[in-house]
Amino acid sequence: VIAQPTITTFPASMSFTVATGGTNTAAGALMIAIGGATGSTLNWTGSDSATWLSMSPTSGSVVDGGSQFATVSVDIAGLAVGTYTGTITITDPNATNNPKNVPVTLNVVLPAMISLAPTSLTFSALAGGANPANQTVTLSNIGGGSLNWTSSGSATWLSVSPASGTTVAGGSSTLTASVNIAGLAAGTYAGTITVSGNAPNSPQAVAVTLNVALPPTISLAPTSLSFS
């Protein structure tokens with residue numbers, strides 16, 4: 001009597017999200033293992049059901065207690081924004097559960113998009129005095145994919161935090177802008193906060209103006225009085 005194997009896969013299903021306008025492909029690992037009778041061997045063959053879906057390798061042999069990994073890949077070239085479904089099928093005519101299907105979902109989304117508000121900031125301070133209060137900028141991802149971004153200030157007196165982050169589609173992050181007037185003479189200074197990321201409208205900028213004024217001084221006239 002030939003021991004019959006059982007096809008085991010992990011994960012049981014797979015899901016990919018790929019944004020248009022960037023890298024068209026994504027991949028994940030599918031483990032193919034053997035279960036069932038001791039001493040059995042799984043001689044498997046893999047196939048896919050969609051033109052955008054593929055796997056490699058497409059066949060293998062797993063002995064009792066062993067496993068193999070296949071790479072499942074998706075390619076969104078030519079696909080419109082939307083959700084697509086496909087199947088990876090693992091077969092072995094001798095398996096007790098032949099065939100074994102692994103559902104695959106592909107979400108094709110619009111790329112991430114950077115939106116900053118407000119688009120300008122103005123700080124005012126007195127020369128030799130305290131730094132002005134920090135101000136905030138809201139970074140929104142108005143696109144469909146996750147936005148991986150970095151932020152920076154263009155001048156030594158201007159800083160922004162955090163310096164990097166990830167904002168999910170439809171989400172927002174808060175940037176804090178601060179200025180340091182130490183050593184600055186009275187005058188008007190211009191700088192820029194720049195946000196860059198994996199978005200087709202990258203980079204985006206916030207214009208920053210810093211007004212440093214002379215401190216008030218007391219002037220008396222006349223400087224002396226005489227009474228008789």
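Values below: every heavy atom of this structure, side chains too, minus hydrogens, waters and symmetry copies.
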Would you check if there is a donor-acceptor pair between the side chains of Asp75 and Thr25 at a distance under 3.5 Å? no
Is there a side-chain contact between Thr105 and Ser13 (heavy atoms, below 4.5 Å)? no
Check: Ser61 main-chain N/O paired with Gln68 side-chain donor or acceptor under 3.5 Å: yes
Tested for side chain to side chain contact (heavy atoms under 4.5 Å, CB included) against Thr89, the lone hit among Asp48, Val102, Asn101, Thr45 is Asn101
To the closest 0.5 Å, what do you measure between CD1 (Ile76) and OG1 (Thr23)? 9.0 Å
Establish, from distance only, whether the side-chain atoms of Ser40 and Asp64 form a donor-acceptor pair under 3.5 Å. no
Donor-acceptor contacts under 3.5 Å from residues 123-144 side chains, at least two apart:
{"unit_1": "Asn131", "atom_1": "OD1", "unit_2": "Ile181", "atom_2": "N", "d": "2.9"}
{"unit_1": "Gln135", "atom_1": "NE2", "unit_2": "Thr122", "atom_2": "O", "d": "2.8"}
{"unit_1": "Asn141", "atom_1": "OD1", "unit_2": "Met113", "atom_2": "N", "d": "3.1"}
{"unit_1": "Asn141", "atom_1": "OD1", "unit_2": "Gly143", "atom_2": "N", "d": "3.0"}
{"unit_1": "Asn141", "atom_1": "ND2", "unit_2": "Gly145", "atom_2": "O", "d": "2.7"}
{"unit_1": "Asn141", "atom_1": "ND2", "unit_2": "Thr167", "atom_2": "O", "d": "3.1"}
{"unit_1": "Asn141", "atom_1": "ND2", "unit_2": "Val168", "atom_2": "O", "d": "3.3"}

Side chains of Thr91 and Asn98 only: does a donor on one sit below 3.5 Å from an acceptor on the other? no
Between Ser49 (side chain only) and Thr87 (backbone N and O only), is there a donor and an acceptor less than 3.5 Å apart? yes
Smallest separation among heavy atoms of Thr58 and Met55, with atom names: CG2-O, 3.4 Å
Counting distance only, does the side-chain N/O of Asn97 pair as donor-acceptor with the main-chain N or O of Ile7 below 3.5 Å? yes
Under the criterion side chain to side chain donor-acceptor pair (under 3.5 Å), I'd like the reasoning laid out for Thr96 against Thr6: C-alpha separation, chi angles, the key distance, then a yes or no. CA-CA 5 Å; Thr96 59; Thr6 299; 2.9 Å; yes
Any luck finding a side-chain donor-acceptor pair between Ser178 and Ser159 under 3.5 Å? yes
Asp92 to Pro5 - nearest heavy-atom pair and separation: OD2-CG, 4.0 Å
CG-CD1 distance between Leu30 and Ile88, expressed to the nearest 0.5 angstrom: 7.5 Å
Which heavy atom in Tyr84 sits nearest to a heavy atom in Val108, and how many Å separate them? CE1-CG2, 3.8 Å
Check step by step if side chain to side chain contact (heavy atoms under 4.5 Å, CB included) holds for Trp44 and Lys100. CA-CA 10 Å; Trp44 63 269; Lys100 180 67 180 296; over 6 Å; no
Closest heavy-atom pair, Phe16 versus Ala27, reported as atoms and distance to 0.1 Å, is CE2-C, 3.5 Å
Find out whether Ile193 and Leu121 are in side-chain contact, i.e. whether some heavy atom of one side chain is under 4.5 Å from a heavy atom of the other. yes
Are Leu147 and Leu110 co-members of a hydrophobic cluster defined by side-chain heavy atoms under 4.5 Å apart? no
Any side-chain heavy-atom pair from Leu210 and Trp157 closer than 4.5 angstrom? yes
Minimal heavy-atom distance between Ser196 and Pro203, with the atoms involved, is OG-CB, 3.4 Å
According to a hydrophobic-cluster definition based on side-chain heavy atoms being under 4.5 Å apart (Ile, Leu, Val, Met, Phe, Trp, Tyr only), do Val109 and Val18 belong together? no
Identify the heavy atoms of Leu116 and Thr119 that sit nearest to each other, and give their distance. O-CG2, 3.6 Å
Spacing of CH2 belonging to Trp149 relative to OG1 belonging to Thr166, to within rounding of 0.5 Å: 8.5 Å
Any donor-acceptor pair under 3.5 Å from Asn198 side chain to Ser146 backbone: yes
Can you find a pair of side-chain heavy atoms, one from Leu53 and one from Leu106, that are under 4.5 Å apart? no
Student check: side-chain heavy atoms of Phe10 and Ser67 closer than 4.5 Å: no
For Val206 and Val160, what are the C-alpha separation, side-chain angles and deciding distance, and is it a side chain to side chain contact (heavy atoms under 4.5 Å, CB included)? CA-CA 11 Å; Val206 175; Val160 58; over 6 Å; no
Give a yes or no on whether the backbone of Pro162 and the side-chain of Ser151 come within a donor-acceptor separation of less than 3.5 Å. yes
